[in-house]
Amino acid sequence: MNIEELRAYCLSVRGATESTPFLDDSILVFKVMGKMFAYAGINPKDGIFKVDLKCDPDYSAELREKYNGITHGTHTRGLLWNAVFIDSDVPDELIRKLIDHSVGEVIRKLSGKLRQKYHDEE
């Protein structure tokens, strides 16, 4: 998977938006219902491409044990976000599933009213 394929998949999520809100405009941020579900970029120091995705903590721990290419999220603590290195042992299909999982985690944590609004727009 390359950055354009990742970007296209993130934007295929219903209601997804893309922005570059940080001072470093090389970081793409993807949101649904105004909440971030992914941020991606290429590290200018080493050229490594990764995406950070929200994740259920139990699933996160399992993924980090199984894949070398999944570590703690950038600028985050704990198990709520994972950094997924694209050119690693993580298959493209799993990356797509993890994006979907991240969106699901965001939607699950919305208020009931916002969750209903999201589902009504299907």
### Task
Test K35 against K109 for side-chain contact (heavy atoms from CB on, under 4.5 Å), laying out the working first.
CA-CA 10 Å; K35 303 290 183 181; K109 293 182 179 181; over 6 Å; no
### Task
Flag the pair V84 / K50 as yes when at least one side-chain heavy-atom distance between them is below 4.5 Å, and no otherwise.
no
### Task
Give a yes or no answer on whether the side chain of D52 reaches the backbone of A38 with a donor-acceptor pair at less than 3.5 Å.
no
#### Entry: Contact check, side chains of L53 and E105, non-hydrogen atoms, under 4.5 Å
no
### Message
I'd like to know if the side chain of E5 reaches the main chain of N2, judged simply by a donor and an acceptor atom lying under 3.5 Å from each other, with no hydrogens or angles considered.
### Response
yes
### Message
I need the minimum non-hydrogen distance between V29 and P21, along with the two atoms involved.
### Response
CG2-CD, 3.5 Å
### Query
Hey, does the Lys NZ or Arg CZ of R7 hover above the aromatic six-ring of F30, less than 6.0 Å from the centre and inside 45° of the axis?
no
### Message
With a 4.5 Å cut-off on side-chain heavy atoms, are V32 and R14 touching?
### Response
no
### Task
Without swapping roles, check the side chain of S60 against the backbone of C55 for a donor-acceptor pair under 3.5 Å.
no
#### Entry: Test item: H101 side-chain N/O and D56 main-chain N/O as donor-acceptor pair under 3.5 Å
yes
### Summary
Tightest non-hydrogen contact, residues M36 and V106, listed as O-CG2, 3.4 Å
### Query
Mind checking whether L6 and L11 sit in one hydrophobic cluster, side chains of I, L, V, M, F, W, Y counted as touching below 4.5 Å?
yes
### Query
Which distance, rounded to the nearest 0.5 Å, do you find between the CZ of F49 and the CD1 of I86?
4.5 Å
#### Entry: Closest contact, heavy atoms only, S102 versus F37
OG-O, 2.5 Å
### Message
Using the ring centroid of each side chain, check whether W81 and Y39 are separated by less than 6.0 Å.
### Response
yes
### Message
Any side-chain to backbone donor/acceptor pair from Y118 onto G15? Under 3.5 Å, distance only.
### Response
no
### Message
Can you list everything that forms a side chain to side chain contact (heavy atoms under 4.5 Å, CB included) with T17? Sequence neighbours excluded, please.
### Response
K31
If you look only at distance, which donor and acceptor atoms sit under 3.5 Å apart when one is on a side chain in residues 90-100 and the other is two or more places apart or in another chain?
unit_1, atom_1, unit_2, atom_2, d
D92, OD1, M1, N, 3.1
D92, OD2, M1, N, 2.9
E93, OE1, R96, NE, 3.4
E93, OE1, R96, NH2, 3.2
D100, OD1, Y9, OH, 3.0
D100, OD2, Y9, OH, 2.9

### Query
Given side chains that start at C-beta, do those of F85 and I70 come closer than 4.5 Å, heavy atoms only?
no
### Message
Let's go through I107 and H119 carefully: what are the C-alpha distance in whole Å and the side-chain angles of both, what is the deciding distance for side-chain contact (heavy atoms from CB on, under 4.5 Å) to 0.1 Å, and is it a yes or a no?
### Response
CA-CA 9 Å; I107 298 303; H119 291 300; 3.8 Å; yes
### Query
Any side-chain heavy atom of T20 within less than 4.5 Å of one from L28?
yes
### Query
Is any side-chain heavy atom of D87 less than 4.5 Å from a side-chain heavy atom of I48?
no
### Query
At their closest point, which heavy atom of P57 faces which heavy atom of L80, and how far apart are they?
CG-CD2, 3.6 Å
### Message
Do T71 and N82 have side chains that approach each other closer than 4.5 Å (heavy atoms only, starting at C-beta)?
### Response
no
